[in-house]
Amino acid sequence: MNVLLIGGGGREHAMAWKLAQSSMLDELYVTPGNPGTVRHGRNVEVNLKDQRALRQLIIDKRIRMVVVGPEAPLVDGLHDRIAADPQLKGVTVIGPKAAGAQLEGSKEFAKEFMLRHNIPTAQFRVFGKDQLKEALEYISRAEGPYVIKADGLAQGKGVVIATGRKEAEKALNDMLGGNSLGAAANRVLIEQFLHGMEVSAFLITDGEAFKMLPVAKDYKRIGDGDTGPNTGGMGAVSPVQFADKDFMGKVHDRIAMPTIRGLRNEGIPYQGFLFMGLMNVGGEPYVIEYNVRLGDPEAQAILPRLRSDLMDLFEGIATGTLSERHVDVDDRTCVTVVLASEGYPANYETGKHIVGLDLVQAAHVFQSGTALKNDELVTAGGRVLSVTAFGKDAEHAILNAYASASLISYDGKTHRTDIGQDLLAMGAKGAGAPGAKAGVK
Ligand code: AMP
Ligand code: GLY
């Protein structure tokens, strides 16, 4: 089967790498892809909003399956457009239609959905553009920390956690009163602050059955010890000890199952990945957010652990037979360290020569912010590479990932040095032991 993979980050490089291992794959096309994905398929250019151009590409290349990496094309209705195109009959899209993608595209929609289906999440209130006064009043009566979220897609910039009231008022004024984030902040949510440890859980579904995929922990802040501004993610570890059997059982029963059943009962078709961003509050899972895709860099840590053929799972979606497929997972730990450009997530320089990739033997290096300049690999983004290594446990995986990361160099190479250290510290305290209440402050 010929497949078109959409996206060009580390997540999509990892997906391309994984798909290329399948005997069910004939040709893989990636758009836009990156210099890493050309090792597993062919990069092609197409404007996804230009239905004629996309249709032509799908027909010319005999593509039978379109796999969507990022959320934006899904929220934008890419799946709907392909499904409605009579010339593209029988083309499967991995990723939900716009209605299902609302789980990520509108935080208000996601919250209302969770309320309807009794899915545990932080309490919240929603305020519209003309309710700035009410929102400020609400804050004046509430206790901090204050969690303020723009309703729409805001490229990771839509959430402000304000410790003080002044900061909260500023965020509300910026979002509802001003122009910050534009239409994404036409409606704003104020949420109860949840104390606990975050974990990213994933499932794949054909809309009827679903299969849980490995869990991962993401490291969102730029600095060691979770300091500094939020980024797209600076590293990942899979599995996560505090997401033990008991906790994951609750995730399955109280979150994954009612979510898939709820979508079905509401007549919202959903096929593809679902990312459940969770908070472990005293051993109880709460949903912080849904995403309608895999995480980046979580994908780089979970796909290497997936022993099953990803094409086989996608085929299960195409034919509505996911229930008959198996998800087989490697027991070992994977650690991913993201190498970024100095200055990220603010301004950074690009065009720096990257050397040493050929020296890496004991890890996978997935590319994201890279480009070819006169046939040489240079930096071209904030997050440049993800280095993923296995270990028999977290300690060994961390050592292996950092040893490989140290072989790579470029001007301004920046990374966290503490990926996974919090999990090791918890392990030492026995927090990962069965029955232990993990992550409660
Ligand atoms: P989101 O974009 O919704 O994932 O929010 C970004 C980050 O803000 C999350 O990864 C959490 O670290 C934090 N966060 C969001 N909502 C809450 C909440 N209700 N309580 C505590 N932290 C939160
Ligand atoms: N790493 C978090 C995300 O992909 O949203």
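The basis for the numbers below is simple: all heavy atoms, side chains too, and nothing from hydrogens, waters or symmetry mates. Just so you know, ligand 1 is whichever comes first in the structure, and atom 1 is the first atom listed for that ligand.
- Closest heavy-atom contact between Thr379 and Glu349: OG1-O, 4.2 Å.
- Closest to atom 2 (C) of ligand 2 among all protein heavy atoms lies Asp218 OD2, 3.4 Å.
- The protein heavy-atom contact nearest to atom 11 (C) of ligand 1 is Glu198 OE2, 3.1 Å.
- Leu19 is listed as a side-chain neighbour of Phe314, based on a closest heavy-atom distance under 4.5 Å.
- Taking only nitrogen or oxygen atoms, main chain and side chain alike, Arg293 reaches within less than 3.5 Å of ligand 2.
- With ligand atoms numbered from 1 in the order given, ligand 2 contributes 4 (O) to contacts under 4.0 Å with heavy atoms of Gly295.
- Close approach to Met279 involves these atoms of ligand 1, each under 4.0 Å from a residue heavy atom: 21 (C), 22 (N).
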Taking it one step at a time, do Phe127 and Tyr138 satisfy ring pair (Phe, Tyr, Trp, His ring centres under 6.0 Å)?
CA-CA 10 Å; Phe127 298 92; Tyr138 180 77; 5.6 Å; yes
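- The distance between the ring centers of Tyr219 and His415 does not fall below 6.0 angstrom.
- Residues Lys18 and Asp309 are not paired through a salt bridge, judged by the lack of any N-O separation under 4.0 Å between the basic side chain and the carboxylate.
- Every atom of ligand 1 with a heavy atom of Phe193 under 4.0 Å away is listed here by number and element: 20 (N), 21 (C), 22 (N).
- Judged by distance alone, the side chains of Thr231 and Lys220 never bring a donor and an acceptor atom under 3.5 Å apart.
- Listed by chain and number, the residues in a side chain to side chain contact (heavy atoms under 4.5 Å, CB included) with Glu289 are Lys107, Asn291 (sequence neighbours excluded).
- Residues Leu303 and Met15 have side chains in contact (heavy-atom distance under 4.5 Å, counting atoms from C-beta outward).
- The contact set between ligand 1 and Lys149, taken as ligand atoms under 4.0 Å from a residue heavy atom, comprises 3 (O), 15 (C), 16 (N).
- In summary, the side chains of Thr31 and Asn43 do not present any donor paired with an acceptor at a separation below 3.5 Å, with no hydrogens or angles considered.
- Residue His195 places every heavy atom at 4.0 Å or more from ligand 1.
- Less than 4.0 angstrom separates some heavy atom of Lys220 from each of these atoms of ligand 1: 10 (O).
- Protein heavy atom at the shortest distance from atom 17 (C) of ligand 1 is Val147 CG1, 3.8 Å.
- In terms of N/O distances under 3.5 Å, ligand 2 is not approached by Leu294.
- In the model, Arg305 has a side-chain atom that pairs as donor or acceptor with a side-chain atom of Ser238 under 3.5 Å.
- Checked for salt-bridge contact, Glu266 and Arg116 meet the test: a charged N lies under 4.0 Å from a carboxylate O.
- Atoms of ligand 1 found under 4.0 Å from any heavy atom of Ile161, numbered from 1 in the order shown, are 8 (O), 13 (C), 14 (N), 22 (N), 23 (C).
- Taking CG of Leu278 as the reference point, atom CG of Leu194 lies at 11.0 Å (rounded to 0.5 Å).
- Inclusion of Leu194 in the set of residues having an N or O under 3.5 Å from an N or O of ligand 1 is warranted.
- Each of the atoms 1 (N), 2 (C) of ligand 2 lies under 4.0 Å from some heavy atom of Gly232.
- Checked by distance only, ligand 2 and Asp296 come closer than 3.5 Å through their nitrogen or oxygen atoms.
- Numbered from 1 in the order shown, with element, the atoms of ligand 1 that lie under 4.0 Å from a heavy atom of Gln192 read 18 (C), 19 (N), 20 (N).
- When each atom of ligand 2 is checked for a heavy atom of Phe275 under 4.0 Å away, the hits are 3 (C), 4 (O), 5 (O).
- Counting only N and O atoms by type, the side chains of Thr414 and Glu342 include no donor and acceptor under 3.5 Å apart.
- Residue contacts with ligand 2 leave out Gly233, since none of its heavy atoms falls under 4.0 Å from the ligand.
- For ligand 2, the atoms sitting less than 4.0 Å from at least one non-hydrogen atom of Glu298 are 1 (N), 2 (C), 4 (O), numbered in the order shown with element in parentheses.
- Of the N or O atoms in Glu289, none lie within a sub-3.5 Å distance of an N or O in ligand 2.
- Taking both residues in full, the closest heavy atoms of Ala340 and Tyr410 are given as O-OH, 2.7 Å, listed atom of the first, atom of the second, then distance.
- At the top of the distance list for atom 7 (C) of ligand 1, counting protein heavy atoms only, stands Val159 CG1, 4.5 Å.
- Considering backbone and side-chain atoms alike, Asn230 places every N or O at 3.5 Å or more from each N or O of ligand 1.
- The protein heavy-atom contact nearest to atom 1 (P) of ligand 1 is Glu289 OE1, 3.5 Å.
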